[in-house]
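Each remark here refers to the structure printed beneath this line.
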Amino acid sequence: MFKILKKTFDAGLVTIGYPDAPAQVSPNFRGAPGFDFADWRDSRPAAEACPTEAISIRESGATRLVTIDYGLCIFCGECAEADRSGAVRMSGDFELAVRDRKDLVITAGYDLEAGGTQGRLTRLHQGNEPIETDVVALQRRVRHSIHETLGRSLAIREVDAGSCNGCEVEITALNNPVYDLERLGIHFVASPRHADMLLVTGPVTRNMELALLKTYRATPEPKVVVAVGACGIGGGIFGRNYATLGGVDRVVPVDVYIPGCPPRPQALLYGILLAVGRMNKK
Ligand code: SF4
């Protein structure tokens with residue numbers, strides 16, 4: 001008993017300050033790939049190396065359109081290794097959740113030069129809506145939104161629609177003393193009838209399609225659905241095949257998409273906070 005108390009006091013406070021304080025991430029953490037579009041001379045090696053076709057190229061005459069879809073990206077780093085120019089680098093970015101699937105897609109247009117290399121950058125486009133980047137302001141608004149909308153804490157029902165459980169490991173971490181989700185008035189519940197939010201992982205296997213639909217229907221309004229990870233967004237490495245449907249929004253409407261493979265706990269937290277803002281609008 002005294003040993004346990006001593007250990008508790010010795011451990012001290014381990015809960016992170018995020019989102020009040022900036023997130024502390026390990027220097028070894030691999031976030032989303034970053035692209036230096038203005039200086040990117042050849043996107044072909046990266047596109048060829050990408051295992052999920054998150055980087056794709058379309059050419060028309062003397063122009064090339066390069067599309068980066070973060071919803072398909074599994075943060076594997078193959079593109080950065082294949083691109084020897086230094087224009088593609090893996091970053092520590094994890095605050096990538098968006099309300100609109102289109103905002104996960106970046107398109108860059110180039111004039112082509114001799115040998116198929118890229119010349120002048122003619123267009124750079126990212127979805128239509130601006131992405132929320134001020135996490136502290138977001139959290140302030142979210143606390144207000146939770147109380148204004150619900151008059152109580154936010155209840156989440158997690159649905160595993162056929163994931164590899166990588167996302168579940170990170171979601172479970174939200175409840176540990178380090179991330180301590182309950183400090184924000186957010187907790188997980190066992191029944192969709194008690195939930196305000198569905199946090200859905202996996203590419204949605206055909207066996208889970210009906211279960212997901214029933215869970216959605218059983219959740220009372222106002223409700224929000226959050227698609228977690230590359231699989232939840234677009235099927236990830238499983239894609240769409242005889243066994244999987246290729247993403248949560250093929251079955252139920254999705255309000256927020258959280259990219260990653262899997263997304264780290266702070267990325268999940270960021271997406272959940274973003275979704276609460278969405279709930280307030282419903
Ligand atoms: S990090 Fe993303 S974009 Fe780069 S190769 Fe891997 S899946 Fe493709």
Side-chain angles (χ1 to χ4, degrees), residues 23 25-59 64-98 100-110 116-118 121 123-127 131 162-167 169-170 201-204 227-241 244-249 256-268 270-271:
V25 293
S26 156
N28 297 326
F29 167 66
R30 180 185 280 172
F35 300 85
D36 185 354
F37 289 103
D39 287 332
W40 204 7
R41 290 291 152 253
D42 197 350
S43 54
R44 291 171 297 183
E48 275 163 27
C50 180
T52 62
E53 295 178 1
I55 304 175
S56 59
I57 291 174
R58 214 173 60 231
E59 287 178 11
R64 175 178 293 155
L65 193 68
V66 184
T67 303
I68 315 291
D69 188 344
Y70 281 105
L72 298 179
C73 178
I74 56 170
F75 302 0
C76 65
E78 293 291 323
C79 52
E81 272 181 40
D83 184 276
R84 293 191 194 92
S85 70
V88 184
R89 281 185 300 273
M90 296 311 288
S91 73
D93 290 350
F94 64 87
E95 287 167 344
L96 300 165
V98 294
D100 192 328
R101 174 73 177 85
K102 289 199 294 290
D103 288 336
L104 290 174
V105 180
I106 296 176
T107 48
Y110 295 92
T117 54
Q118 287 149 207
L121 178 66
R123 85 182 276 250
L124 188 60
H125 202 74
Q126 177 174 19
I131 293 175
S163 88
C164 69
N165 280 352
C167 289
V169 170
E170 303 296 326
T201 63
V204 189
V228 177
C231 295
I233 293 172
I237 55 168
F238 303 103
R240 195 176 181 196
N241 58 50
T244 60
L245 293 168
V248 178
D249 61 8
V256 165
Y257 298 85
I258 306 178
C261 187
R264 60 175 295 117
Q266 283 113 322
L268 291 165
Y270 180 80

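One-based numbering, in listed order, for ligands and for the atoms of each. For the single chain, residues carry numbers from 1 onward in sequence order. These figures come from a predicted structure and were not determined experimentally.
- Considering every non-hydrogen atom in both Ala108 and Phe37, the closest pair reads CB-CD2, 3.6 Å.
- The number of protein N, O or S atoms lying under 2.8 Å from atom 4 (Fe) of ligand 1 is 1.
- Each of the atoms 7 (S) of ligand 1 lies under 4.0 Å from some heavy atom of Thr52.
- Listed here is the closest heavy atom pair of Gln118 and Ser43: OE1-OG, 2.5 Å.
- The environment of CD in Glu53 is sparse: at most 12 heavy-atom neighbours from other residues, nucleotides or ligands sit within 6.0 Å.
- More than 12 non-hydrogen atoms from other residues, nucleotides or ligands lie less than 6.0 angstrom from CZ of Arg41.
- Taking the side chain as every heavy atom from C-beta outward, Trp40 and Tyr110 approach each other to under 4.5 Å.
- Applying the 6.0 Å contact sphere to CZ of Arg123 captures more than 12 heavy atoms from other residues, nucleotides or ligands.
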